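Both ligands and their constituent atoms are indexed starting at 1 by order of listing. The first residue of the sequence shown is numbered 1, and numbering continues consecutively from there. Computed from a predicted structure; not experimentally measured.
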Amino acid sequence: VIGFDFEYYKPGSIEEAVRTFAHLDAEGRNPFYYGGGTEIITMARMNNVVPGAVIDLKGIPECRALGHGDGRLIIGAGATLAEIHESGLFPLLGRAGGRVADHSVQVKVTLGGNLAGTIVYREASLPLLVADCEAVVAGAGGLRVVPFQDVFGGRLNLPRGDFLVQVNIARESTCLPGFHAKKTRLEKIGYPVLAAVMVRDRQGRYRAAFSGLCSSPFRSVELEAALNDARLEPIRRIDLAIASLPAPVLDDTEASAGYRLFVLRNTLEEALDALGGVA
Ligand SMILES: Cc1cc2nc3c(=O)[nH]c(=O)nc-3n(C[C@H](O)[C@H](O)[C@H](O)COP(=O)(O)OP(=O)(O)OC[C@H]3O[C@@H](n4cnc5c(N)ncnc54)[C@H](O)[C@@H]3O)c2cc1C
């Protein structure tokens with residue numbers, strides 16, 4: 001039960017959504033953009049968030065896009081993880097989203113909600129971080145297109161009142177040889193001890209992104225330089241990659257830091273094997 005009343009808006013255009021947010025915000029109504037609602041509803045039940053109004057983005061056609069245009073794959077922020085998976089358009093993203101909670105949750109959780117939510121794992125970000133990906137963001141100044149990594153530093157980070165409309169990905173990035181693994185503590189469904197995505201780009205270089213390892217998902221230049229260091233044997237590359245982690249390793253009830261590092265080492269070995277060893 002949610003112990004307070006709030007208003008529900010479902011705008012049919014980007015402009016209307018931005019205007020509605022600005023209007024409600026100016027009135028002090030604490031509006032929230034609303035994707036699948038899974039997190040907003042859970043947190044509202046516990047009074048961890050108290051929105052005066054929610055603005056459902058799923059009535060906006062651009063937010064529901066899922067298809068190709070101008071040589072790029074366009075995915076609306078309101079597309080659900082299940083829709084993305086079932087479309088088969090970006091297999092690696094389908095696989096990453098297909099391991100978030102269970103299917104009954106995946107049919108509700110949206111790409112935008114996964115990237116912007118407070119649950120730290122944001123696993124759908126991993127394939128986007130290793131792709132040539134842009135974010136389309138709406139705000140008071142209109143629409144802007146920026147590199148995905150400019151708005152995602154472990155979490156979607158937008159000025160108040162802005163929202164993610166879409167991501168678009170170079171088509172060739174969606175069909176690179178790819179590896180995905182999610183390791184959990186016990187059951188198949190659960191938060192990641194480690195989720196990893198690795199691809200090999202057209203130049204044969206590895207790109208890798210991780211969730212569950214540090215406090216938020218990341219891709220690291222130093223770690224990739226280690227994985228791509230042609231002077232080193234695979235095992236040494238992995239040692240160096242592990243030594244180059246950009247932040248402390250999580251140590252919590254899911255797993256100790258030591259265990260996460262053990263899982264990381266095995267997963268990197270698996271990934272290099274799966275993608276054809278070292279160049
Ligand atoms: C049972 C369960 C298990 C989960 N397990 C995992 C897991 O293992 N791994 C994992 O990565 N995640 C996990 N999650 C988190 C999940 O993937 C989503 O992050 C989350 O629940 C929110 O998605 P939603 O679309 O329902 O967003 P909502 O609840 O609608 O919104 C969440 C937040 O995102 C903001 N938001 C939504 N869309 C946009 C947008 N387009 N632009 C800007 N801001 C936006 C909202 O304002 C709100 O602050 C789990 C969630 C549940 C409920």
Side-chain angles (χ1 to χ4, degrees), residues 2 6 8-11 14 17-18 21 24-25 30-46 48-60 62-65 75-85 93 95-129 135-139 143 148 151-152 154-167 180 182-185 187-197 209-213 216-217 254:
I2 296 180
F6 59 92
Y8 173 85
Y9 293 84
K10 194 170 185 183
I14 294 170
V18 171
F21 190 101
L24 292 165
D25 206 31
N30 193 25
F32 272 60
Y33 288 120
Y34 184 98
T38 56
E39 181 178 304
I40 293 176
I41 291 170
T42 308
M43 291 178 75
R45 282 195 184 119
M46 296 183 296
N48 285 337
V49 294
V50 186
V54 297
I55 302 169
D56 193 341
L57 300 174
K58 295 192 298 299
I60 301 171
E62 290 89 338
C63 290
R64 301 287 301 147
I75 306 180
T80 67
L81 300 182
E83 286 166 346
I84 295 168
H85 183 75
L93 182 57
R95 271 152 69 194
R99 290 293 311 275
V100 169
D102 61 13
H103 192 260
S104 64
V105 176
Q106 291 157 21
V107 295
K108 296 199 189 93
V109 169
T110 60
L111 180 62
N114 183 263
L115 299 175
T118 54
I119 294 181
V120 294
Y121 304 108
R122 306 177 192 110
E123 289 177 65
S125 66
L126 304 181
L128 304 179
L129 285 169
V136 180
V137 175
L143 279 185
F148 178 68
V151 291
F152 188 88
R155 180 177 186 179
L156 193 66
N157 186 11
L158 299 176
R160 186 161 176 79
D162 287 11
F163 69 90
L164 181 71
V165 178
Q166 301 174 334
V167 294
H180 168 261
K182 174 169 176 171
K183 310 283 170 73
T184 52
R185 191 159 66 110
E187 309 288 339
K188 186 171 178 211
I189 293 167
Y191 291 140
V193 167
L194 176 72
V197 159
F210 305 91
S211 165
L213 191 58
S216 56
E254 293 296 323

**Q** Can you tell me how far the CD atom of Glu123 sits from the CZ atom of Arg95, to the nearest 0.5 Å?
**A** 13.0 Å
**Q** Output the list of atoms in ligand 1 that are nearer than 4.0 Å to some heavy atom of Tyr121, sorted by atom number.
**A** 9 (N), 10 (C), 11 (O)
**Q** Side chain or backbone, does Thr110 bring an N or O within less than 3.5 Å of an N or O on ligand 1?
**A** yes
**Q** As a check for students: among Lys108, Gln166, Glu39, identify the option with a heavy atom nearest to atom 29 (O) of ligand 1.
**A** Glu39
**Q** Can you pull out the closest protein heavy atom to atom 20 (C) of ligand 1? Residue, atom name and distance to 0.1 Å, please.
**A** Thr38 OG1, 3.5 Å
**Q** Can a donor-acceptor pair be found, under 3.5 Å and without considering hydrogens, that links the side chain of Asp102 to the backbone of Ile189?
**A** no
**Q** Which part of Lys182 is near ligand 1, with near meaning a heavy atom under 4.0 Å away: side chain, backbone, both or neither?
**A** side chain
**Q** Quick one: look up the protein heavy atom nearest atom 3 (C) of ligand 1 and list residue, atom name and how far away it is.
**A** Ala101 CB, 3.4 Å
**Q** Give the atoms of ligand 1, by number and element, whose distance to some non-hydrogen atom of Ala77 is under 4.0 Å.
**A** 41 (N)
**Q** Using heavy atoms and a 4.0 Å limit, tell me yes or no: is Gly78 in contact with ligand 1?
**A** no
**Q** What atoms of ligand 1 come closer than 4.0 angstrom to any heavy atom of Gly36?
**A** 24 (P), 25 (O), 26 (O), 27 (O), 30 (O)
**Q** Between Arg45 (side chain) and Ile2 (backbone), is there a donor-acceptor pair under 3.5 Å?
**A** no
**Q** Would you find a donor on one side and an acceptor on the other, under 3.5 Å apart, between the side chain of Gln106 and the backbone of Leu81?
**A** no
**Q** For atom 9 (N) of ligand 1, what is the closest protein heavy atom, and at what distance to 0.1 Å?
**A** Glu123 OE2, 2.7 Å
**Q** Looking only at non-hydrogen atoms, which of Tyr33, Phe32, Tyr34 approaches atom 47 (O) of ligand 1 most closely?
**A** Tyr33
**Q** Which residue supplies the protein heavy atom nearest to atom 36 (N) of ligand 1, what is that atom called, and how far is it?
**A** Ala116 CB, 3.8 Å
**Q** So which heavy atom in the protein is nearest atom 41 (N) of ligand 1, and how far is it from that ligand atom?
**A** Leu164 O, 3.0 Å
**Q** Where the side chain of Asn114 meets the backbone of Gly117, is there a donor-acceptor pair that is under 3.5 Å apart?
**A** no
**Q** Applying a heavy-atom cut-off of 4.0 Å, say which part of Leu57 lies close to ligand 1: side chain, backbone, both or neither.
**A** side chain
**Q** Output the distance between atom CG (Leu194) and atom CZ (Phe210), rounded to the nearest 0.5 Å.
**A** 7.0 Å
**Q** Indicate yes or no for a side-chain donor-acceptor contact from Arg185 to the backbone of Val193 under 3.5 Å, with no hydrogens or angles considered.
**A** no
**Q** Note the single closest protein heavy atom to atom 13 (C) of ligand 1, along with its residue, its atom name and the distance in Å.
**A** Val100 CG1, 3.5 Å
**Q** If you measure every N/O of Phe163 against every N/O of ligand 1, is any gap under 3.5 Å?
**A** no
**Q** Which residue owns the protein heavy atom closest to atom 51 (C) of ligand 1, what's the atom, and how far is it?
**A** Ile119 CD1, 3.7 Å
**Q** State the NZ-OG1 distance between Lys58 and Thr80, to the nearest 0.5 angstrom.
**A** 9.5 Å
**Q** At what distance, to the nearest 0.5 angstrom, does CZ of Arg122 lie from CG of Leu156?
**A** 9.0 Å
**Q** Suppose I only count heavy atoms of Gly190 and a 4.0 Å limit; which atoms of ligand 1 are within that range?
**A** 8 (O)
**Q** Determine yes or no for a side-chain-to-main-chain donor-acceptor pair under 3.5 angstrom, with Tyr33 supplying the side chain and Gly161 the backbone.
**A** yes
**Q** Ser211 side chain to Pro217 main-chain N or O, any donor-acceptor pair under 3.5 Å?
**A** no
**Q** Where on Asn114 is there a heavy atom closer than 4.0 Å to ligand 1, on the side chain, on the backbone, on both, or on neither?
**A** both
**Q** Please report which non-hydrogen protein atom sits nearest to atom 27 (O) of ligand 1, along with the residue it belongs to and the distance in Å to one decimal place.
**A** Gly113 CA, 3.4 Å
**Q** If you round to the nearest 0.5 Å, how far is CG of Leu93 from CD1 of Ile75?
**A** 5.0 Å
**Q** With side-chain contact (heavy atoms from CB on, under 4.5 Å) as the criterion, how do Lys10 and Tyr34 come out once you've worked through the C-alpha distance, each side chain's angles and the decisive distance to 0.1 Å?
**A** CA-CA 9 Å; Lys10 194 170 185 183; Tyr34 184 98; over 6 Å; no
**Q** Strictly under 4.0 Å, does any heavy atom of Met43 approach an atom of ligand 1?
**A** no
